[in-house]
Amino acid sequence: DAGVIQSPRHEVTEMGQEVTLRCKPISGHNSLFWYRQTMMRGLELLIYFNNNVPIDDSGMPEDRFSAKMPNASFSTLKIQPSEPRDSAVYFCASSPDGLSNQPQHFGDGTRLSIL
Amino acid sequence: DAKTTQPPSMDCAEGRAANLPCNHSTISGNEYVYWYRQIHSQGPQYIIHGLKNNETNEMASLIITEDRKSSTLILPHATLRDTAVYYCIVRVEEPDTGNQFYFGTGTSLTVIP
């Protein structure tokens, strides 16, 4: 079975540019999560969707970050404009149902470097 | 708030059992304990989870104390490929926002040949 698929795996861009990260959750999963991982702060939840609707975006750092889920099989996380402090590994995860005890399954992440 | 406490690092000899402890003294009655691991440059991998009974699957066993304030993840026969950071996570029930996973700093397990 295909797991959570993220693209690109690596992204290097200059500050000020727009960055779009993509995620395809596991088919049939109703919940999708975006995380950011840095050495200083570890893994942090940014935003969480249930049935394509954003439920909790309190972890989104600031207005430069936005996330969408136009359908059950696709989500994007956008940073505009990007800054060097946004450099991190961004993970997407999905679970069958965000309101149950089912575990989340993670993609392999996008390693983002902002120069 | 720190929801879980784990030792920062541990070593284990190849072929021996690896026992990874976790303290979650503030856990409430309906909060589950999850274990994940992360191998360098990969996404966190789900291992096992439980509420109050001990659990076992093909990867590991989870032992939860009777008061539920701590648990131990057991890898019965550690291999070099088990070298990773292991995270113990308490799923906090938020009535309006569903399951929230709080990843701590984890335990870096090194399996030694």
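Computed over heavy atoms, backbone and side chain alike; hydrogens, waters and symmetry mates excluded. Just so it is clear, the model here is predicted, and its values are computed rather than measured. Residue numbering restarts at 1 for every chain, and letters A, B, ... go by the order of the sequence lines.
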- Query: Less than 4.5 Å apart, any side-chain heavy atom of B:P44 and any of A:Y35?
  - Reply: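 The answer is no; the side chains never approach within 4.5 Å.
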Any link between [X] and [Y] through a network of hydrophobic side chains (Ile, Leu, Val, Met, Phe, Trp, Tyr) touching at under 4.5 Å?
X     : Y     : value
A:M60 : A:L32 : yes
A:Y90 : B:V85 : no
B:I63 : B:L51 : no

Taking everything shown except [X] itself, do over 12 heavy atoms lie less than 6.0 Å from its [atom1]?
X      : atom1 : answer
A:E62  : CD    : yes
A:R111 : CZ    : no
B:R16  : CZ    : no
A:D63  : CG    : no

- Task: Please report the shortest heavy-atom distance between B:Y87 and A:Q37, naming the atom on each side.
- Result: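 So the two residues come closest at OH-NE2, 3.5 Å.
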- Task: Please report the shortest heavy-atom distance between B:G43 and A:D108, naming the atom on each side.
- Result: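 Answer, listing the atom of B:G43 first, then A:D108: N-OD1, 3.4 Å.
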- Task: Under the side-chain contact (heavy atoms from CB on, under 4.5 Å) rule, what do A:L45 and B:F103 come out as? Steps first, then yes or no, please.
- Result: CA-CA 9 Å; A:L45 177 67; B:F103 284 79; over 6 Å; no
Give, for atom [atom1] of [X] and atom [atom2] of [Y], the distance between the pair rounded to the nearest 0.5 Å.
X      : Y     : atom1 : atom2 : result
A:Q104 : B:I89 : CD    : CD1   : 8.0 Å
A:F106 : B:Y46 : CZ    : OH    : 13.0 Å
B:Q42  : A:F91 : CD    : CZ    : 9.0 Å
A:Q102 : B:Y32 : CD    : OH    : 9.0 Å

- Item | Side chain, backbone, both or neither of B:Q38 within contact of chain A (heavy atoms, under 4.5 Å) |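 For B:Q38, the contact with chain A is made by the side chain alone.
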